[in-house]
Amino acid sequence: NDNIQGISTSFSENDQMIPAKDNDALILTKGVIGSNGNILLFGLGNILAANRTLDDVSAEIRNILIRNGLVPNFQLEISDFKSKKVFVTAGDGTSDTYPLNNLPPTLKEIALVSGLSESNENFATIKLSRNKQEFRFTAGQLFEITSPKIILQNNDQIEIQIASKISEPI
């Protein structure tokens, strides 16, 4: 693989990007998209990455490399999403935020880590709010074997209500 030219970049938290100066070698670099949405290419400048497609950012990097006399043969990948989240609120007033990565969780997985179990089948409801729409499930429906796999998306809001199994005397 000595004749491979290019740069392979993947972004993840606390990694650094290293400038590519060798046109004849495969150089692997990693970097972070900063809180301001920029990627710092050391020695080459900043690129705004927030709210842009991977192809769009790749085209800008390609142009910067060409302007700096470097071979524009590279691969740009996103290794992790720290800015995409799912919000969960429980009936007791507690709330949690779960980051989404390249393998987003399912509604069932988040319900389980939030304390819901199959034994709550008749005593719990789950409300999923997504894009101004609401979907409601009982725990029994969510944990059915035939229930569809619901993959969570950025900014999904989940509300879990668990009713008491034992009613208080009046």
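The first residue in the sequence is number 1, and the count goes up from there.
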Do [X] and [Y] have side-chain heavy atoms sitting under 4.5 Å apart?
| X | Y | answer |
| --- | --- | --- |
| F87 | I158 | no |
| F143 | K108 | yes |
| T89 | T94 | no |
| F137 | L107 | yes |

Not counting sequence neighbours, which residues clear side chain to side chain donor-acceptor pair (under 3.5 Å) with [X]? List them please.
| X | value |
| --- | --- |
| N46 | none |
| R62 | none |
| E134 | R136 |
| E144 | none |

- prompt: With sequence neighbours excluded, what pairs up with D56 under the salt bridge (Lys or Arg N to Asp or Glu O under 4.0 Å) test?
  reply: R52
query: Excluding sequence neighbours, so at least two apart, what forms salt bridge (Lys or Arg N to Asp or Glu O under 4.0 Å) with E118?
result: none
task: Check V57 against A49 and note the closest heavy-atom contact, atom names and distance.
output: CG2-CA, 4.0 Å
statement: Residues L142 and S147: closest non-hydrogen pair is O-OG, 3.1 Å
Which donor-acceptor pairs under 3.5 Å do the side chains of residues 63-71 make with protein atoms, sequence neighbours left out?
residue : atom : partner : partner atom : Å
N63     : ND2  : A59     : O            : 3.4
N68     : ND2  : I64     : O            : 2.8

query: Between E159 and Q157, is any side-chain donor less than 3.5 angstrom from a side-chain acceptor?
result: no
Could you pull out all donor-acceptor pairs under 3.5 Å where a side-chain atom in residues 124-131 meets a protein atom, sequence neighbours excluded?
residue : atom : partner : partner atom : Å
R130    : NE   : D156    : OD1          : 2.9
R130    : NE   : D156    : OD2          : 3.2
R130    : NH2  : I151    : O            : 2.9
R130    : NH2  : D156    : OD2          : 2.6

query: Residues two or more places apart in sequence or in another chain: which of them pass side-chain contact (heavy atoms from CB on, under 4.5 Å) with S117?
result: S119, N120
- prompt: Under the side chain to side chain contact (heavy atoms under 4.5 Å, CB included) criterion, do I160 and V88 qualify, and how do the steps go?
  reply: CA-CA 8 Å; I160 299 172; V88 180; 4.2 Å; yes
